[in-house]
Amino acid sequence: MATATMTIPAVEELRGFLNSWLIPNDTRVPTETLPDLAADAAAWRHTFARVPVPRGADVTAELLRLRDDLRADVEEHGSARLDAWLERCPQTARIENGELVFRGPATPHGEVLRVAAELVNEGRWRRLRACPDCRWIFYDQSRNNSRTWCSMYAGDSGRACGSIAKVKRMRSRKAAEAT
């Protein structure tokens, strides 16, 4: 059971799920981590505290499809695929003590769908963004909801896609001016 008043850890957990496919800055090779996480129950629980450990290859395959569909929705700033998943796997929502509460089977994909539905309900789904360079999913906390890049400066994540893009643009302009 999940209430609609979502905590930041739940948002971060959804981001972690969406970023189980990534393009590391050091290799720039797309990397899939979800099957390895699903195979290691302790690692899964550490990474996804709310989401039950998937049991079986078919559940993992379904989670991969869900993750890819949700990533596509985030990249397109939409929610059509999420809506289709919710139609296939309906969730029950009730008002209890003045709060919206979701109920449904405790399945891995059901819990991910509940978290995503909570974000939509709170108007926060549109704040999820995909970096146009590395495709890392981040949560836009800017006041005007206009952040484009995962990061401007290499911090703990090592990402600095915004700075890299701006340097490339500047070099292109200078090269064009020189010719």
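Computed from a prediction, not measured in an experiment: that's the story for all the values here.
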Between Ala117 and Leu86, the two heavy atoms sitting closest are CB-CD1, 4.3 Å

Rounded to the nearest 0.5 Å, the CG atom of Asp40 sits from the NE2 atom of His46 at a distance of 11.0 Å

Quiz item: Do side-chain atoms of Arg129 reach the backbone of Arg126 as a donor and acceptor pair under 3.5 angstrom?
Solution: yes

Exactly one of Leu113, Val59, Thr60, Leu66 clears side chain to side chain contact (heavy atoms under 4.5 Å, CB included) with Pro108, and that residue is Val59

| Derivation of the salt bridge (Lys or Arg N to Asp or Glu O under 4.0 Å) call for Glu177 and Arg173 | CA-CA 6 Å; Glu177 290 170 3; Arg173 277 195 312 267; 5.4 Å; no

For this session: Give a yes or no answer on whether the side chain of Thr33 reaches the backbone of Ser20 with a donor-acceptor pair at less than 3.5 Å.
Result: yes

Between Leu37 and Trp44, the two heavy atoms sitting closest are O-CB, 3.5 Å

Nearest heavy-atom contact between Glu13 and Val51 is OE2-N, 3.5 Å

Exercise. May I ask you to check whether over 12 heavy atoms, not counting those of Asn97, lie within 6.0 Å of atom CG?
Key: no

Check this for me: does any side-chain nitrogen of one of Glu118 and Arg114 sit under 4.0 Å from a carboxylate oxygen of the other? no

Is it the case that more than 12 heavy atoms not belonging to Arg94 sit under 6.0 Å from its CZ atom? no

>> Contact between Arg127 and Val11 at the side-chain level, heavy atoms closer than 4.5 Å - yes or no?
In response: no

Query raised in the report: Would you say Arg71's side chain and Ile137's backbone share a donor-acceptor pair under 3.5 angstrom?
Result: no

So OG1 of Thr47 and CZ of Phe17: to nearest 0.5 Å the spacing works out to 12.0 Å

Taking every heavy atom of Ala116 against every heavy atom of Leu14, the minimum-distance pair comes out as CA-CD2, 4.2 Å

| query | Distance-only, no hydrogens or angles: does the Gln141 side chain make a donor-acceptor pair with backbone N or O of Tyr139 under 3.5 Å? | reply | no

Review point. Is it true that a side-chain atom of Thr92 and a backbone atom of Pro90 form a donor plus acceptor pair closer than 3.5 Å?
Key: no

Backbone of Ala130 reached by a side-chain donor or acceptor of Arg135 within 3.5 Å:
no

#### Entry: Check: Asn19 side chain, Arg15 main-chain N or O, donor-acceptor pair, under 3.5 Å
yes

Quick one: does Thr107's side chain have a donor or acceptor within less than 3.5 Å of a partner on Gly110's backbone? yes

* Are any side-chain N or O atoms of Trp125 and backbone N or O atoms of Val74, one a donor and one an acceptor, separated by less than 3.5 Å? -> no

Closest non-hydrogen contact found for Arg67 with Leu18 is CD-O, 3.6 Å

Check the orientation of Trp85 and His109. Use parallel for under 30°, tilted for 30 to 60°, and perpendicular for over 60°. tilted

Scanning both residues in full, the closest heavy-atom pair of Val53 with Ala38 reads CG1-O, 4.4 Å

**Asked** Looking only at atom types and distance, does a side-chain atom of Asp69 sit under 3.5 Å from a main-chain N or O of Arg81, one as donor and one as acceptor?
**Response** no

